[in-house]
Amino acid sequence: MRGDFVNPILVWYNQQKRDLPWRHTKDPYKIWVSEIMLQQTRVEAVKSYYQRFLETLPDIPALAGCPDDLLLKLWEGLGYYSRVRNMKKAALTMMETYGGSFPTSYDKIRSLPGIGDYTAGAISSIAFSLREAAVDGNVMRVMARLENSREDILKASEKRRVAQKLKAVMEAVPPDQDFRPGDFNQALIELGALICVPNSQPLCQRCPLKELCISHREGTTDAVPVRLKKTGRKKEERTVLLVRDGDKTAITRRPDTGLLAGLYEFPNLAGRLDEETVLGEVRSQGLIPLRIKKIRGARHIFSHVEWEMSGYEIRVAPAEANGDWIFADQHQIEKTYAIPSAFSAYAELLSVRTGKKGKKS
Ligand code: ADE
């Protein structure tokens, strides 16, 4: 592929780029935090998480030593919690293997837990100015339109092909030219986020690449890129229980493995259950129910499963806490326990503020 789009896109980026907090640093740790957060979450939502995360955990040793509950609290509402668990694993690896700092080669960065081709490329190029590609969904869309490619951009082989091309384009830039690989990668991401946006909305008139773009020339930007993968998501019904004793509500910790591992939730059971079954469950925890009423339903979409939730509020007589269920008031929940966004409709009923929802659409 020819590299004639390199200069126009860099000129555009220098003039039009957003002023984002992670664009003021070359610290690989901070770049890493931003890139992991940005993988599934909108830029606007990431800003406040990013700032709080770095204030609390300013470097690799702090992350490596962070207790899991605090870590999950810092991530609460961002979703895909395995991302932050893997970050802690990677931080521990860096403590053991690299003296507590980031390795400086692409391959070593790529082999850390939770770091894939995209993130390794982003960190290598932005923090260390290495000529490595960072190909995310934005970049795939820009490149598919530029080349008018009808290949499925969700295919791993297609991502690899584009990454190889972009790496070759970067390597072809003469070594004496002032060229910042991190700016180049971020320029492609930025163009996809601001101008070459999905569906039928691209702002081609403002695009620095419009003269070079084959989709624009041929009028095919509605049909390109092609995205074929199906979600294959299954639906599950769940019944959520707000079990209340005075101003306290029962929460419970999820298992250490699987969906939302280690996070806290309101007790909930598979299926759409009737009052009798729910009361039986409450009694089986050694509690005495006083009143029960039906409350709102809610839906939450994860990547592989969708929950359709129904709910009950159950008032119980004061009792000693049982092993599984923790009774906590609004303040304790907000401060200490990470409740995933799946339960935010129920947290709102208790006026409990949980992390904001910031998932990309
Ligand atoms: N999305 C992924 N990485 C990004 C970055 N560095 N800037 C803006 N949006 C991004």
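When a ligand or atom number is given, it counts from 1 through the structure's own listing order.
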For Gln186, atoms of ligand 1 separated by under 4.0 Å from a heavy atom: 5 (C), 6 (N), 7 (N)
Do any nitrogen or oxygen atoms of Glu190 come within less than 3.5 Å of a nitrogen or oxygen of ligand 1? no
Using a cut-off of 6.0 Å, state whether more than 12 heavy atoms not belonging to Arg52 lie near its atom CZ. yes
Can you list the ligand 1 atoms lying under 4.0 Å from a non-hydrogen atom of Leu38? 1 (N), 2 (C), 3 (N), 4 (C), 5 (C), 10 (C)
Surrounding CG of Leu70 (heavy atoms of other residues, nucleotides or ligands, distance under 6.0 Å), is the total greater than 12? yes
Before giving the answer on salt bridge (Lys or Arg N to Asp or Glu O under 4.0 Å), spell out for Arg150 and Asp152 the whole-Å C-alpha distance, their side-chain angles and the decisive distance to 0.1 Å. CA-CA 6 Å; Arg150 304 296 173 129; Asp152 175 8; over 6 Å; no
In the hydrophobic cluster built from side-chain contacts under 4.5 Å, what are the other members alongside Leu228? Val226
Residue that, paired with Asp68, satisfies salt bridge (Lys or Arg N to Asp or Glu O under 4.0 Å) out of Lys88, Arg254, Lys89: Lys88
At a 4.0 Å threshold, what atoms of ligand 1 neighbour a non-hydrogen atom of Ile189? 1 (N), 3 (N), 9 (N), 10 (C)
Under-4.0 Å heavy-atom contact with ligand 1, by part of Arg23 that carries it: side chain
Atom indices of ligand 1, in the order listed, that fall short of 4.0 Å to a heavy atom of Tyr118: 2 (C), 3 (N)
